[in-house]
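Along the sequence shown, residues carry numbers from 1. Both counts, for ligands and for their atoms, begin at 1 and track the order of listing.
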Amino acid sequence: MLKVGVLGPVGSGKTSLIIKLTEYLSKRGLKIGIITNDVVSNFDALTMYKTLVEEKSIIPKENILGIVTGGCPHTAIREDPSVNLRALEILEKREDFDVIFIESGGDNVMSTFSPLLADYTIFVLDTSAGDKYPGKGGLGIVESDLLVINKIDLAPYVNADLEKMKKDSLRIRNGKPFVMISLKSGEGLKDLFNIIEEELKYEGIIKS
Ligand SMILES: Nc1nc2c(ncn2[C@@H]2O[C@H](COP(=O)(O)OP(=O)(O)OP(=O)(O)O)[C@@H](O)[C@H]2O)c(=O)[nH]1
Ligand SMILES: [Mg+2]
C-alpha cells in the first residue's frame with residue numbers, strides 16, 4: 001500500500017487532484033482510501049463524498065475519512081500526526097487498500113508531511129498565484145516527490161509565464177519530477193497519470 005500525501009496552498013487544487021487520481025486508479029482496479037484534513041470544516045471530505053460516492057459510485061463512503069484539525073494545518077501532518085495515524089489505522093483495518101491519499105489542510109510553501117504518514121508526497125501549486133512560484137522555493141516545492149503546477153488554463157488571465165515556471169521548476173527541483181496541468185481542461189493529465197503509474201509499478205502495486 002502506498003500512502004500519498006497531497007499538500008499545497010489553500011485552493012490550489014488538492015481535492016480536485018485526489019478526485020481525478022481516484023477516478024483514474026479505481027478504473028484500473030485499485031482500491032483507494034482517502035483522508036482529508038480541513039482546519040475548521042469537513043468540506044473536502046463532503047466534496048469527495050458527493051463526487052466519488054453519490055454521483056459516480058467509484059468508492060464506498062467508508063473509504064473517506066474527514067479530519068477537522070483546528071489550529072495550524074501542518075501540525076496535524078508534521079509535528080503531531082497522531083490523529084492522521086489513527087485515521088490510517090481505522091482505514092487499514094477496514095480494507096486492504098492499494099493507495100491511501102491524505103490531503104493536508106491548505107498551507108504555505110514550507111509545509112511537509114511526516115515520513116510516518118506519507119511515503120510519497122505531491123505538492124500542488126496554483127498558476128494564478130503568480131509565476132514567481134515555483135522559483136521562490138520552499139521545502140514543499142523543492143522536496144516533494146512530485147510538484148504539480150495546476151490551473152495552467154488561468155495563465156493568460158494573470159500574465160503568468162509558463163515557460164518561466166517550467167525553467168524555475170527544472171532548476172529548483174534539481175531533476176525531481178514536476179508536471180504542468182489543468183484539472184479543469186484536462187491538459188497535462190496524461191503526464192500526471194504516467195508518473196503516478198510509474199511509482200506504483202516501482203512499489204510493486206501494479207504490474208508493468
Ligand atoms: N480554472 C481552474 N480551476 C480549478 C482547477 N483545479 C481546481 N480548480 C478550482 O479551484 C477551486 C479550488 O480547488 P480545490 O480542489 O478545492 O482546491 P484545494 O487545494 O483542495 O483547496 P483547500 O482544500 O480549500 O485548500 C475549485 O473551485 C476548483 O474547481 C484548474 O485546473 N483550473
Ligand atoms: Mg481541499
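- In terms of modelled atom types and a separation under 3.5 Å, the side chain of Asp38 and the main chain of Val68 share no donor-acceptor contact.
- Residue Gly11 places at least one N or O, backbone or side chain, under 3.5 Å from an N or O of ligand 1.
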- Walk me through it: do Leu200 and Leu30 pass the test side-chain contact (heavy atoms from CB on, under 4.5 Å)? CA-CA 10 Å; Leu200 292 170; Leu30 300 194; 3.8 Å; yes
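- Between Thr15 and Asp44, the side chains place a donor N or O and an acceptor N or O closer than 3.5 Å (distance only, hydrogens not considered).
- Taking 2.8 Å as the threshold, Thr15 counts as a candidate ligand of the Mg ion (ligand 2), since one of its N, O or S atoms lies below it.
- The protein heavy-atom contact nearest to atom 18 (P) of ligand 1 is Lys14 N, 3.4 Å.
- Nearest N, O or S atom of Glu103 to the Mg ion (ligand 2): atom OE2.
- Evaluated by nearest non-hydrogen atom to atom 2 (C) of ligand 1, the leading choice among Leu7, Asp153, Ile18 is Asp153.
- Which parts of ligand 1 touch Leu154 is read off a 4.0 Å heavy-atom cut-off, strictly below it: atoms 1 (N).
- Placement of Ile32 and Leu183 within a single hydrophobic cluster is found when ILVMFWY residues are connected by side-chain heavy-atom separations under 4.5 Å, directly or transitively.
- Contact annotation: for Thr15 versus ligand 1, heavy atoms closer than 4.0 Å belong to both the backbone and the side chain.
- Any N or O atom pair closer than 3.5 Å counts here, and Gly13 shares at least one such pair with ligand 1.
- Using modelled atom types, no side-chain atom of Lys61 and backbone atom of Tyr49 make a donor-acceptor pair closer than 3.5 Å.
- If you number the atoms of ligand 1 from 1 as listed, the ones under 4.0 Å from a heavy atom of Asp44 come out as 23 (O).
- Of all atoms in ligand 1, listed by their number and element, those nearer than 4.0 Å to a heavy atom of Glu103 are 20 (O), 23 (O).
- Closest to atom 31 (O) of ligand 1 among all protein heavy atoms lies Leu183 N, 2.8 Å.
- For atom 23 (O) of ligand 1, the nearest protein heavy atom lies closer than 4.0 Å.
- No side-chain donor-acceptor contact under 3.5 Å links Asn42 to the backbone of Ala45.
- Under the 4.0 angstrom criterion, atom 7 (C) of ligand 1 counts as having a protein heavy-atom contact.
- Both Leu125 and Ile152 sit in one connected hydrophobic cluster of ILVMFWY residues. Membership requires side-chain heavy atoms under 4.5 Å apart, directly or through other members.
- Shown in contact with Gly106 at under 4.0 Å from a heavy atom are these atoms of ligand 1, numbered in order with element: 25 (O).
- Looking only at distances, no side-chain donor or acceptor of Asp191 sits under 3.5 Å from a matching main-chain atom of Val179.
- The closest approach of Asp44 to the Mg ion (ligand 2), by N/O/S atoms, is made by OD2.
- At a 3.5 angstrom cut-off on N or O pairs, Asp38 does not count as close to ligand 1.
- Atom 29 (O) of ligand 1 has Ser16 OG, 4.5 Å as its closest protein atom, hydrogens excluded (heavy atom only).
- In this structure, Thr112 contributes its side chain and Gly140 its backbone to no donor-acceptor pair below 3.5 Å.
- Not one N or O on the side chain of Ser144 forms a donor-acceptor pair closer than 3.5 Å with the backbone of Ile122.
- At a threshold of 4.0 Å, the pair Lys56-Glu23 counts as salt-bridged, since one of the basic side-chain nitrogens sits closer than that to a carboxylate oxygen.
- Scanning the protein for heavy atoms near atom 30 (C) of ligand 1, the closest one is Lys151 CG, 3.3 Å.
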